[in-house]
Amino acid sequence: MIRYASFALLVLIGYAYGNVRHTTTTPFPHVDLQGRIDNFHVRMEQIMRQMMMQQLYVEERIRSDGQSGVKQIRQYHDGTRPYYSETHTYKGVCSIHNHANYDRTVGMGEVNMVINGVDFRTRHNDYKLRMPSTNSSMFQAMTDIPFPGVPPEVTAKKTLVEQVAEMREWFRAWNDQDHSTRDYRKYFKPVLCYMEAAWTMDTEHFSEPFSSDRHAIDATSWLDLQEKVRFTSYSGSKNVNENFAYLPTAIMEVVNGTPEFAQWNYRILCHPLKKNIPLKYFHVVDDLSSRLPHGETMREFSESRSGRFSLYDEDGGKTYSLMDDLMSEIPGKDNYQANLTEDVFGELLYDASKTDDTPLNTGYYHRWYKVGKSGSPKEVAHRGFSDRNLWVAQTTQPRVAPMSVDQCTLDPVSQNKTCQSWTRRYTYAVPLEVIYLSPLYSWNPHDLEFWPRGSQAFEIQRVGGKTNDTAYNGTGFKTFYHTPVEFFTGKEVARDPADTTKSGVGMLDKHGKVQLVGASGTRIFLPNIPGVGTLRMRYPIVPVHGEGSGVWKELDALKDMVMDMEKYKGLFENPPNLSGSSNVTDSAEMTLHLRTGVATKNPPGPHVHDVFLSHDVQDTLKSGGHTRIFTGEALGHTHQLLIGYRNTYTIMQCDGSQVCWDGHPSTLYPVD
Ligand SMILES: *[C@@H]1O[C@H](CO)[C@@H](O)[C@H](O)[C@H]1NC(C)=O
Ligand SMILES: *[C@@H]1O[C@H](CO)[C@@H](O)[C@H](O)[C@H]1NC(C)=O
Ligand SMILES: *[C@@H]1O[C@H](CO)[C@@H](O)[C@H](O)[C@H]1NC(C)=O
Ligand SMILES: *[C@@H]1O[C@H](CO)[C@@H](O)[C@H](O)[C@H]1NC(C)=O
Ligand SMILES: *[C@@H]1O[C@H](CO)[C@@H](O)[C@H](O)[C@H]1NC(C)=O
Ligand SMILES: *[C@@H]1O[C@H](CO)[C@@H](O)[C@H](O)[C@H]1NC(C)=O
Ligand SMILES: *[C@@H]1O[C@H](CO)[C@@H](O)[C@H](O)[C@H]1NC(C)=O
């Protein structure tokens, strides 16, 4: 609203300005026209700068309301209680669905997102399995993600029946996470899909943020798009094809009295992860507002499209987490060749995953970093003020809007002022989901022809029927059917109106014979595989904007207590009388507050650091495990600790060494 008002103001000023210029041609000797115009210029620049500050103010308010993440999906349902309508999920997290008849299309509807305080709305996404370019650093250059191969144990089988049976065993091995006889890890490859957003420079020419085989933004220019969104917002109406996106514009700089505009834009890409992710690392998040109206148990919920997950490993409590590791494999807009460091204000940023002083490659996505003067102790910091999911990467792409900052220092002796200026470009990302690619993308036992884009003859009567005349003649990017129907039993799972996958189609093979085949592209759940089950292939892990707010944190704490009263009954003000037990005395100590011993070295002089261990981390440590955690800050530095439990909480490693450089003893003391 403020933004629109600001634009209207700018237009008015421009109009007035034109009139003033016009009057300069009329001689009025008694009026100081030049003076008035100069004055007007100054005022206009002040107003433009004020508009920039308004933008910051709006962003700051959104930032303090929550974190980067999804906010809302489009409403289709309602009822007597608010939770009968959509939140970030309803029948599918982020309105995800299937287009498995496309070779690399991943079904995902419209979403309202917040990324680094910018609130925007996407078109119907339906993104493709593509990654940043591996060999080019060109702006927006992308590479198709290679599909995993087919185990030779499958293709070596003589008959289709045997191939199907062997392939099922590979899916069983993956589902059981048992790689002892069949090492599924070579053929089931997780990719991490993420939304990347940035302020871009080209505000005049409209550019499709990322192409889809099914959707494209229906507008000729950014202004046209905003006008259309403005109308749909004004009238409350919807673009039937879901091809409008609300992507804001802002003033980034005012240079010599001229505003430089920037256009917010986003895209969705995926990154093939370097390591396998065990399925047990996905922990379902209890989104009660979706589970209650559908009457689902936790198990049913986790096996539905609405289920959302939190991704962490056995040591979920460590500060630099598995998500940090995974996101650090993803480059910003310099693509995989990105190799950048950051030293704004003369302070180099270091890699928080390392205990030594390795400069951080800021061209890749990160949120934790270490900072401090060269040779002196470092402090660990997190991007943003309180945004748990602010992932940022630096870039050198000229198309990303830059921002500059100056710093002047006064030499205390000579009283000389020296000024330095830095100009930087940053982009942001939010993880959306992990998709496991399977051998089904490549397995083609009927040896069906694949026609590359544009080469397939279009024949209107060929609709995938079971006769010679109506069967598809070969597969293509949107008739991506080559899995023998014998592989699955039963229909596609939990169909959604947005799905486009047919359960089984007729396809002519190279000999003109009709073969019955199923879709081979990306699905949330595969149809039932006899003897194995219905397997989930897509794991949504998108953070939710509201989760960053204090209210949501309070709500999650309350949910955890109510959902497991037995465990947390010690925390109730008036403990519930559960199953007649009277065990209310020993309340679970949720977060343990520990403190290091006093440092012995001087400098830096005596000081201590605080460490907080959550309930689950305490359990891990007491059962013999370790965790990596950052201490609180003291005297301008933090420590990276490896903590274990030996009758008492003990520092096993400090900043990569046996003992802390400033001499904290190894024992940690509980603080009452
Ligand atoms: C980059 O790799 C793609 C395929 O991976 C290839 O088609 C393209 O020619 C390569 N470009 C350069 C500049 O090497
Ligand atoms: C990044 O650049 C630095 C020097 O600018 C070089 O020493 C380093 O090897 C580069 N790293 C990679 C991964 O290319
Ligand atoms: C301070 O600035 C003046 C003028 O720029 C220069 O001549 C002088 O050498 C400077 N002094 C120091 C200590 O840098
Ligand atoms: C299927 O396509 C191939 C290649 O275009 C063509 O040679 C063949 O005649 C087609 N078959 C039918 C039944 O149309
Ligand atoms: C379909 O094609 C197959 C193989 O060319 C042939 O044997 C069969 O008779 C055909 N059926 C019809 C109904 O044309
Ligand atoms: C708890 O409930 C049981 C069974 O209803 C009852 O016998 C017992 O007295 C109750 N205990 C307390 C402390 O209220
Ligand atoms: C009460 O707590 C003790 C110690 O935590 C435990 O061993 C015991 O099984 C509990 N009793 C009941 C009825 O839960």
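As the structure lists them, so they are numbered: ligands from 1, and atoms in each ligand from 1. All figures in this text were calculated on a predicted structure; none of them were measured in a lab.
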> Above 12 or not: heavy atoms from other molecules or residues under 6.0 Å from CD of Gln461?
Replying inline: yes
> Taking only residues two or more places apart in sequence, or in another chain, which ones meet Gln394 in a side-chain hydrogen bond (donor to acceptor under 3.5 Å, both in side chains)?
Replying inline: Thr362
> In terms of ring plane angle, is the pair Phe480 and Tyr441 parallel, tilted or perpendicular, where the classes change at 30° and 60°?
Replying inline: tilted
>> Using side-chain heavy atoms (C-beta onward) and a distance below 4.5 Å, is Glu342 in contact with Tyr369?
In response: no
> Asp213 and salt bridge (Lys or Arg N to Asp or Glu O under 4.0 Å): which partner among Lys478, Arg130, Lys128?
Replying inline: Lys128
> Taking atom NZ of Lys510 as the centre, does the number of heavy atoms from other residues, nucleotides or ligands within less than 6.0 Å exceed 12?
Replying inline: yes
>> Strictly under 4.0 angstrom, heavy-atom based: which residues surround ligand 4?
In response: Trp451, Arg462, Asn473, Leu508
